[in-house]
Amino acid sequence: MGVLDGQTLARQIREQVGREVTRLREETNRTPGLTVLMVGDDPASGIYVRTKHKAAGKLGIRSDLLLLPANASQSRVLERLRQLNRDDGVDAVLVQIPLPNHLDTWAVLDEIDPCKDVDRFHPLNLGRVMTGRADLFPCTPAGVLRLLDHHGVELNGINAVVVGRSFIVGKPLAAMLTNRHATVTVCHTRTRDLAARVREADLVVAAAGKPGIISADMIRSGAVLVDVGTTYLDERSEVEKLCPPDQLTRFDRKGNAIAGDIHWTAWEKSSWYTPVPGGIGPMTVAMLMENTLELFRARGRRLQWPGMS
Ligand code: GUN
């Protein structure tokens, strides 16, 4: 079994983006700008948005973190997005999901200028992904495919099982795998016999957000395992049940650790697997950096900035 090391590949991609940001700044005197908007104070989302904001800053991307209170009204959020759409210094806008319940998530995502939609969650961009006409892809599915391609994992003709049907991961990834000629089964909470579906898989992508839901007995020997799950655990007993023994020492201050959806005991049955942490998480951030750079470039081409080809 080989490790699909997202940490290392993500670092290489971030470095490449950083070099390109520097080169373009010297050539055009402009810097890509990313704005990350979060509403409320969900602790896991807080960790993700700060990670994204910090990563951008390190690459020379101008990054703004906008934090709105949990009770911010729909009209306030929409007005803020309209301002960002008009702002010439902003190339890329990201609204962290989930939003508080009183907000209409689709109405919020619809408001982002599709040309600044770095997550590609606007229906126009998701539609392009579905029909195989996209130039950019949602960050997590893009990170999954980039990591598999980097290690030469064959997709053509394989049985792929995607567990989870969110618009953030499962649905776009299912379309992207289909466009790469995999036979794709999408499983979810109402799937009758999850184990039977997963046992048929050459590739399992788990994106359910339910730690350990995929157990070793469900895995066909030699399958490729991709784990998108990142659930923060704070009970030491949960960590002991769900995480490989080395996480107990790596995250020992309060017994906090991150658990994936695939139980670690399944790894030894696989041909390739992504660890948690250090698999898809860093790839998502790297793809966000790459998408930000690409939106900057695309805007430069549209507006015919000097020095931009
Ligand atoms: N919440 C979980 N994953 C994501 C993501 O990739 N983008 C955004 N905006 N929110 C998320």
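As the structure lists them, so they are numbered: ligands from 1, and atoms in each ligand from 1.
A salt bridge is absent between D261 and K210; no separation between the charged side-chain nitrogens and carboxylate oxygens falls under 4.0 Å. Salt bridge annotation for R80-D87: absent, with no cationic side-chain nitrogen under 4.0 angstrom from a carboxylate oxygen. Ion pair E294/R301 not flagged as a salt bridge, since none of the NZ, NE, NH1 or NH2 atoms sits closer than 4.0 Å to an Asp/Glu carboxylate oxygen.
Nearest to atom 6 (O) of ligand 1 among the protein's heavy atoms is D119 OD1, 3.8 Å. The single protein non-hydrogen atom nearest to atom 11 (C) of ligand 1 is Q96 NE2, 3.4 Å, given as residue, atom name and distance. The protein atom (non-hydrogen) at minimum distance from atom 10 (N) of ligand 1 is I97 N, 3.0 Å.
Using modelled atom types and a 3.5 Å distance limit, the side chains of R128 and N125 yield a donor-acceptor pair. At a cut-off of 3.5 Å, with distance as the only test, a side-chain donor of S63 or H53 sits close to an acceptor on the other residue.
Close approach to V95 involves these atoms of ligand 1, each under 4.0 Å from a residue heavy atom: 8 (C), 9 (N). The distance from ligand 1 to the heavy atoms of L94 drops below 4.0 Å at these ligand atoms: 9 (N).
For the pair Y48 and ligand 1, no heavy-atom separation below 4.0 Å is found.
For ligand 1, none of its N or O atoms has an N or O atom of I168 under 3.5 Å away. The shortest N or O to N or O distance between F121 and ligand 1 is not under 3.5 Å.
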- Please assess F296 against W305 for the test ring-ring contact (aromatic ring centres under 6.0 Å, His included), listing each intermediate value before the final yes or no. CA-CA 11 Å; F296 172 73; W305 291 338; 5.4 Å; yes
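By the 6.0 Å contact criterion, CG on D149 is enclosed, its count of non-hydrogen atoms from other residues, nucleotides or ligands being greater than 12.
Contacts between V169 and ligand 1 below 4.0 angstrom, taking non-hydrogen atoms only, are absent altogether.
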